Amino acid sequence: MALHVMEEANRCLGCKVPQCQKGCPIKTPIPEVIKLLKTNELDAAGRMLFENNPLTTVCSLICNHEKQCEGHCVLGKKGTPVHFSVIENYISSTYASKMVKGPAPSNGMKVAIVGSGPAGLTIAILMARYGYQVTIFEGKDKIGGILRYGIPEFRLPKSTLDDIQYRHLELKGIKIRPNTRIGDAIQVDDLFRDGYKAIFIGTGVWKANTLGIKGESFGHVHYAINYLNNPDVYKLGEKVVVIGAGNAAMDVARTAMRHGTRKVTCFSLTKAITASQYEASYAQLEGVEFAYNKKPVEITDEGVIFRDLIENEDGSLTEVEGSDALVPADSVIVSISQGPQNTITRTTSGLNANPRGLLVADENGHTSRPGVFASGDAVNGARTVVEAVAHSKKVAEAMHAYIQSQEEKA
């Protein structure tokens, strides 16, 4: 492993204008990190990674590298790009075990983090670095949000999240209240009453989008977000139809294959797979099949009735009348993204949401309610982890500035 990492590091050209860094949503200082590794300064490289991205161990595993850092590497234009994902994972996972520093000196002020997905974790860690007393309110029993309950173990080991909880949360004095949904017994107004100076909402998107077709309520039909939450409790049978062809659909298909399903087919409305080429190639390698230009029109006890689609020159789709055909399936999993559950917006006065139910916030995370901030999927809809982390860095700075301005007024 170390030899392979060094081979990759030695391939880096050290470009004066690093395109790889431009392609990274969080602007990881890739050439500097590689330079430190090559001069045997692994600890310094690790510190640089974590200071820039608190979730660097996670992003090294699940980022869409082919469209980001590696996709912008100049070596990839005529050959093979430097695989920075391998380098980042080696450095971050090796250095992580050395992170034993305790909490920063307390400034005596409390902040609340609602949700412990990528955005919530980032905000919690950064606010703790400022010296705030941070409490995370998590609706499930463990931290991680979509990272733990929406990404399979084979892509993101749960041990990585457990290590984040220990290294970044517990050692930093961050408190965690599991199984606590803000908007139920405890509401946003209660948090302000109890002295929290600012509140961050990063509740993600956990409500499955539906097809709205006949048969969707049948017992053999499931939604991707629910299946990935705990696949062990599902008995899917031997033939599974996955409606959708994004990254979540690839996770569903590959997970189903690992749980005994013999045939999994992903159906796409278009002639293309919307998942990353990397994830789609793994799915195909593992035996997942694909069907294109197919629209589901009805779900029956025997399977799904699909109608053929023709893609026109302008990109629009035309249904082919008389082409309806049943695709037999023991189970059907719908994977067409998710939306918010809206518990907080329904119970919090002055907190606005858009027609899709997503929180309305400016580029720095300010919502319509003073002192309440938001970022990540709760604001932007389902996006990538690194995008949530990058945006949340700006929001943490805005939260800190807001609290300091309020203290000056007091």
Side-chain angles (χ1 to χ4, degrees), residues 25-26 53-64 68 113-125 136-165 168-169 176 178-182 200-209 222-232 242 244 246-255 274-276 279 333-344 356-359 374-393 395:
I26 202 166
N53 179 359
L55 300 189
T56 179
T57 51
V58 170
C59 291
S60 69
L61 293 171
I62 64 172
C63 266
N64 188 356
Q68 295 170 356
I113 310 297
V114 183
S116 66
L121 288 175
T122 301
I123 296 285
I125 293 167
I136 295 175
F137 296 86
E138 170 53 47
K140 295 184 180 292
D141 59 337
K142 293 184 178 181
I143 64 105
I146 196 68
L147 300 174
R148 185 181 294 274
Y149 297 101
I151 298 178
E153 173 80 17
F154 58 83
R155 284 188 59 210
L156 179 60
K158 303 298 185 284
S159 59
T160 300
L161 301 174
D162 295 338
D163 189 68
I164 287 174
Q165 177 167 341
H168 291 286
L169 306 185
I176 304 169
N179 300 314
T180 305
R181 294 185 183 277
I182 302 301
F200 172 78
I201 299 176
T203 48
V205 285
W206 292 94
K207 183 180 179 182
N209 290 340
H222 313 289
Y223 295 108
I225 191 68
N226 299 328
Y227 174 68
L228 292 172
N229 189 357
N230 189 0
D232 293 335
V242 177
N247 284 331
M250 300 305 105
D251 286 342
V252 166
R254 296 175 67 193
T255 300
T274 55
S276 72
E279 297 301 330
I333 301 181
V334 180
S335 182
I336 54 172
S337 196
Q338 302 87 236
Q341 292 181 324
N342 299 332
T343 303
I344 292 180
R356 295 172 57 196
L358 299 169
L359 289 170
S375 72
D377 292 356
V379 173
N380 300 313
R383 303 283 283 274
T384 65
V385 170
V386 72
E387 286 175 313
V389 176
H391 184 202
S392 297
K393 287 178 67 176
V395 176

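All of these numbers come straight from a predicted model, not from anything done at the bench.
The closest side-chain heavy-atom distance from Val386 to Gln68 is below 4.5 Å. When side chains are defined from C-beta on, Leu169 counts as touching Leu121, because their heavy atoms get closer than 4.5 Å. Contact of the Asp163 side chain with the Thr57 side chain is not registered, since no non-hydrogen atoms from C-beta on lie closer than 4.5 Å. Pro118 has its side chain within reach of Leu147: a pair of non-hydrogen atoms, C-beta onward, lies under 4.5 Å apart.
Of all heavy-atom pairs between Gly339 and Asn209, the closest is N-OD1, 3.7 Å. When every heavy atom of Gly150 is checked against every heavy atom of Leu228, the shortest pair comes out as O-CD1, 3.3 Å. Heavy atoms only, all atoms of each residue included: Gly381 and Leu358 are closest at N-CD1, 3.7 Å. Val389 and Pro54 make their closest contact through CG1-CD, 4.3 Å (heavy atoms, listed as atom of the first residue, atom of the second, distance).
In this view, Asp141 and Tyr149 satisfy the side-chain hydrogen bond (donor to acceptor under 3.5 Å, both in side chains) rule, not counting sequence neighbours. With sequence neighbours excluded, the residues satisfying salt bridge (Lys or Arg N to Asp or Glu O under 4.0 Å) with Asp251 are Arg155. Under the side chain to side chain contact (heavy atoms under 4.5 Å, CB included) criterion, Leu359 pairs with Ile201, Thr345, Leu351, Ala374, Ala378, Val379, not counting sequence neighbours. Residues forming a salt bridge (Lys or Arg N to Asp or Glu O under 4.0 Å) with Lys158 (at least two apart in sequence, or on another chain): Glu153. For Lys393, the side-chain hydrogen bond (donor to acceptor under 3.5 Å, both in side chains) partners at least two apart in sequence or on another chain are Asn52. Taking the salt bridge (Lys or Arg N to Asp or Glu O under 4.0 Å) definition, one finds that Arg254 meets it with Glu279, Glu286, sequence neighbours left out. When the ring pair (Phe, Tyr, Trp, His ring centres under 6.0 Å) test is applied to Phe137, no partner is found at least two apart in sequence or on another chain. Residues passing the side chain to side chain contact (heavy atoms under 4.5 Å, CB included) test with Ala249 are Val242, Ser335, sequence neighbours excluded. Checked against side-chain hydrogen bond (donor to acceptor under 3.5 Å, both in side chains), Asn229 has no partners two or more places apart in sequence or in another chain. Take His391 and apply the ring pair (Phe, Tyr, Trp, His ring centres under 6.0 Å) test, not counting sequence neighbours, and it matches no residue. Annotation: side-chain hydrogen bond (donor to acceptor under 3.5 Å, both in side chains) contacts of Gln165 (sequence neighbours excluded): Glu170.
The structure places CD1 of Ile333 at 12.5 Å from CD1 of Ile225, a figure rounded to the nearest 0.5 Å. To the nearest 0.5 Å, atoms OG (Ser375) and CD1 (Ile123) are separated by 5.0 Å. A distance of 9.0 Å separates CG in Asn53 from CD1 in Ile125, rounded to the nearest 0.5 Å. Annotation: the span from Thr274 atom OG1 to Ile336 atom CD1 amounts to 11.5 Å, rounded to 0.5 Å. We find the CD1-CD1 distance between Ile146 and Ile151 to be 6.5 Å, quoted to the nearest 0.5 Å. Separating the OG1 atom in Thr343 from the NZ atom in Lys207 is a distance of 10.0 Å, to the nearest 0.5 Å.
Side-chain atoms of Arg148 come within 3.5 Å of backbone atoms of Ile143 as a donor-acceptor pair (strictly under, hydrogens ignored). Distance alone, capped at 3.5 Å, places no donor-acceptor pair between the Asp377 side chain and the Val205 backbone. Side-chain atoms of Thr180 do not come within 3.5 Å of backbone N or O of Gly139 as any donor-acceptor pair.
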Check: Please walk me through it: do Leu161 and Val58 pass side-chain contact (heavy atoms from CB on, under 4.5 Å)?
Finding: CA-CA 8 Å; Leu161 301 174; Val58 170; 4.2 Å; yes

Next item on the list: Please lay out, stage by stage, how Thr384 and Cys63 fare under the test side-chain contact (heavy atoms from CB on, under 4.5 Å).
Entry: CA-CA 7 Å; Thr384 65; Cys63 266; over 6 Å; no

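Surrounding NZ of Lys140 are more than 12 heavy atoms belonging to other residues, nucleotides or ligands, all under 6.0 Å away.
Residue pairs that meet the salt bridge (Lys or Arg N to Asp or Glu O under 4.0 Å) test with at least one member in residues 115-125, sequence neighbours left out, do not exist here.
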